[in-house]
A.B. asks: 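Questions regarding the structure given below will be posed in turn.
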2 protein chains.
Amino acid sequence: MPNRISDKTVARLSIYSRLLGGFRQQGKETIHSHDLALVAGVTPAQVRRDLMSVGGMGSPSKGYDVTELSESIEAFFGSQQRVNVALIGLGNIGRAILAYFHGRRPHLAIVAAFDIDSHRVDCVHNGCRCYPMHALGEIIEQQKISVGIIAVPVSAAQEVADTLVAHGIEGIMNFAPVPLRVPPNVYLEQVDITTSLETVAYFARQHTQEERR
Amino acid sequence: MPNRISDKTVARLSIYSRLLGGFRQQGKETIHSHDLALVAGVTPAQVRRDLMSVGGMGSPSKGYDVTELSESIEAFFGSQQRVNVALIGLGNIGRAILAYFHGRRPHLAIVAAFDIDSHRVDCVHNGCRCYPMHALGEIIEQQKISVGIIAVPVSAAQEVADTLVAHGIEGIMNFAPVPLRVPPNVYLEQVDITTSLETVAYFARQHTQEERR
DNA sequence: ATACTATTGTGAAATGATTCACAGCGTTAT
DNA sequence: ATAACGCTGTGAATCATTTCACAATAGTAT
Ligand SMILES: NC(=O)c1ccc[n+]([C@@H]2O[C@H](COP(=O)([O-])OP(=O)(O)OC[C@H]3O[C@@H](n4cnc5c(N)ncnc54)[C@H](O)[C@@H]3O)[C@@H](O)[C@H]2O)c1
Ligand SMILES: NC(=O)c1ccc[n+]([C@@H]2O[C@H](COP(=O)([O-])OP(=O)(O)OC[C@H]3O[C@@H](n4cnc5c(N)ncnc54)[C@H](O)[C@@H]3O)[C@@H](O)[C@H]2O)c1
């Protein structure tokens, strides 16, 4: 593969896509890199660079066609083919995520939840059934699930990851604050909220000190 | 300031700190960059680079003293001075976060929550009282709050951010999937879970295609 | 003591991401 | 028509981050 697209670019394309959806609804027909950059909080040059990845088809002095661009990015994300997601761990954060994603993106849906707690198993939250852990392999295969969200305690996270990998999962979003080991052919996204908050606290203090100078 | 420490390094230091805490508890006295790198999922060279920022005091063939290093990083994060955090929006994700951070880090605590919903106001969740929005300025000043977590709907996020900034907040962690505009002296961390999941789904599919080659 | 080994700390090189800057080109005005 | 404008697409430059590679060094064995 000659030019691989970086994860940063992919993340920004997702943001552009969401913003373009808004512009589309409010009837805006064209948009300039400058305007998209402003609302996305990036530079115009970066918008243009990123849009090259999806074959940026803008016109000078008219900018980009909102509908066309929106559809190009959707196509880039493969909206034609559905990605099914499993959620492991229906605790506080698991339930919040399930509620949040319910019915949001048609091509990207949480289709099954799993937990070891027998009180949670067999309940249906937001149109999604919770299965016992031993059903994991069977359901992943049946429902063609390719992405897993890990929302279990730290102590269980690596074991759950191993199980997911063993059943052929190709991407994992992990909320447990522990670095997971997965094979290189599985894409891993760590969402470490503790670390993020600690980083914010650190730089917040830095700013204060700089002002004092 | 000659050498500013990057946000990436700060985030990794937070991870090292947490891992070192574990090693400390289990009585490990020294650790090598290689071992810390393994559990943190980074390279040994990166660990050593990062530790230079906190004045890395390792010894050849003995490695780093776990207790000493742990305390150095804690000091780097300023554990002597408490950082007080406000949470705006006590919905699904707000409550999950409140439950999660309750009593976890002594020097970094959510001390007040805010919501416009009168049903939520005045309740106490996990030892944290929920105040009405109009009390924001007063409580921020009283409790010396310097960091805000935004967990309100997209439509209200920018307005809440502006209010926080107006009351002197210095760092914001934003869960609403919309890029916020804040002045450059306020540190902003976007936690965009939708975008993260979309990125995972994209690269998961990529991996599949590469395997097919 | 002395030699040997394994690991740190860190310049220097490599890699990756962002920004600059401008040629080329629709669009609009005249 | 033609000129003038302002924006896109992109090569090149800059900036940031990671990795390499090795001299310096503390511990260990002989
Ligand atoms: N709540 C938050 O805001 C938050 C923030 C950051 C990180 N996290 C992390 O997310 C994870 C979950 O947090 P939470 O607050 O939802 O915790 P929780 O205790 O409310 O939920 C954990 C769930 O996982 C289930 N579980 C435990 N072991 C399991 C296993 N082996 N297999 C399957 N399910 C299992 C439990 O039954 C429970 O339902 C933790 O690792 C936590 O550190 C949570
Ligand atoms: N739940 C998730 O897993 C999840 C994931 C990613 C992002 N988010 C984002 O986090 C935010 C909150 O999500 P949620 O699921 O908790 O939603 P929610 O509707 O459950 O909670 C929102 C809360 O904010 C309060 N609120 C609304 N307007 C307000 C205002 N102007 N000032 C103060 N409080 C106000 C509401 O009363 C409510 O309690 C949303 O922007 C959502 O997109 C949530």
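Keep in mind that this is a model prediction, so the values were computed, not measured.
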A.B. asks: Please round to the nearest 0.5 Å and tell me the distance separating atom OG1 of Thr30(A) and atom CZ of Phe23(A).
C.D. replies: 11.0 Å
A.B. asks: Go through residues 67-76 of chain B and report each residue with a non-hydrogen atom lying under 4.0 Å from DNA chain C, sorted by number.
C.D. replies: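 Output list: empty, so none.
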A.B. asks: Hey, is the side chain of Ser61(B) poking within less than 4.0 Å of OP1 or OP2 on dT5(C), counting only N and O atoms?
C.D. replies: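 The answer is no; no side-chain N or O of Ser61(B) sits under 4.0 Å from OP1 or OP2.
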A.B. asks: Do the side chain of Arg49(B) and the base of dT19(D) come within less than 3.5 angstrom through a donor-acceptor pair of N or O atoms?
C.D. replies: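 Between dT19(D) and Arg49(B), which were checked side chain against base, a qualifying N/O pair under 3.5 Å is present.
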A.B. asks: Under a plain distance cut-off of 3.5 Å, with no hydrogens placed, do Asp162(B) and Gln158(B) share a side-chain donor-acceptor pair?
C.D. replies: yes
A.B. asks: For a quick test of reading the model: is some side-chain N or O of Tyr64(A) closer than 4.0 Å to OP1 or OP2 of dG9(D)?
C.D. replies: yes
A.B. asks: With a 3.5 Å cut-off and just heavy-atom distances, do the side chain of Arg48(B) and the base of dT7(C) make a donor-acceptor pair?
C.D. replies: no
A.B. asks: From NZ of Lys8(A) over to C1' of dT19(C), roughly how many Å is that when rounded to an integer?
C.D. replies: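 After rounding, the reported distance stands at 14 Å.
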A.B. asks: Just checking Ser6(B): base, sugar-phosphate only, or nothing, at a heavy-atom cut-off of under 4.0 Å?
C.D. replies: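 The answer is sugar-phosphate, as Ser6(B) gets under 4.0 Å only of primed atoms, P, OP1 or OP2.
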A.B. asks: Measuring to OP1 and OP2 of dT19(C), would you say a side-chain N or O of Gln46(A) lies under 4.0 angstrom away?
C.D. replies: yes
A.B. asks: Would you please say whether a donor-acceptor pair under 3.5 Å links the side chains of Tyr187(A) and Thr199(B)?
C.D. replies: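 No donor-acceptor contact under 3.5 Å links the two side chains.
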A.B. asks: Let me know, please, whether Lys62(B) or Arg12(B) comes out on the 5' side of the other along DNA chain D by nearest nucleotide.
C.D. replies: Arg12(B)
A.B. asks: Using the ring of Phe101(B) (Phe, Tyr or Trp, six-membered ring only), decide whether Arg105(B) places NZ or CZ under 6.0 Å from its centre and within 45 degrees of its axis.
C.D. replies: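 No, Arg105(B) and Phe101(B) do not form such a contact.
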A.B. asks: Please give me the minimum heavy-atom distance between Ala99(B) and Asn126(B), naming the atom from each residue.
C.D. replies: CA-ND2, 3.5 Å
A.B. asks: What is the nucleic acid contact for Ser33(A), judged by heavy atoms within less than 4.0 Å: base, sugar-phosphate only, or nothing?
C.D. replies: sugar-phosphate
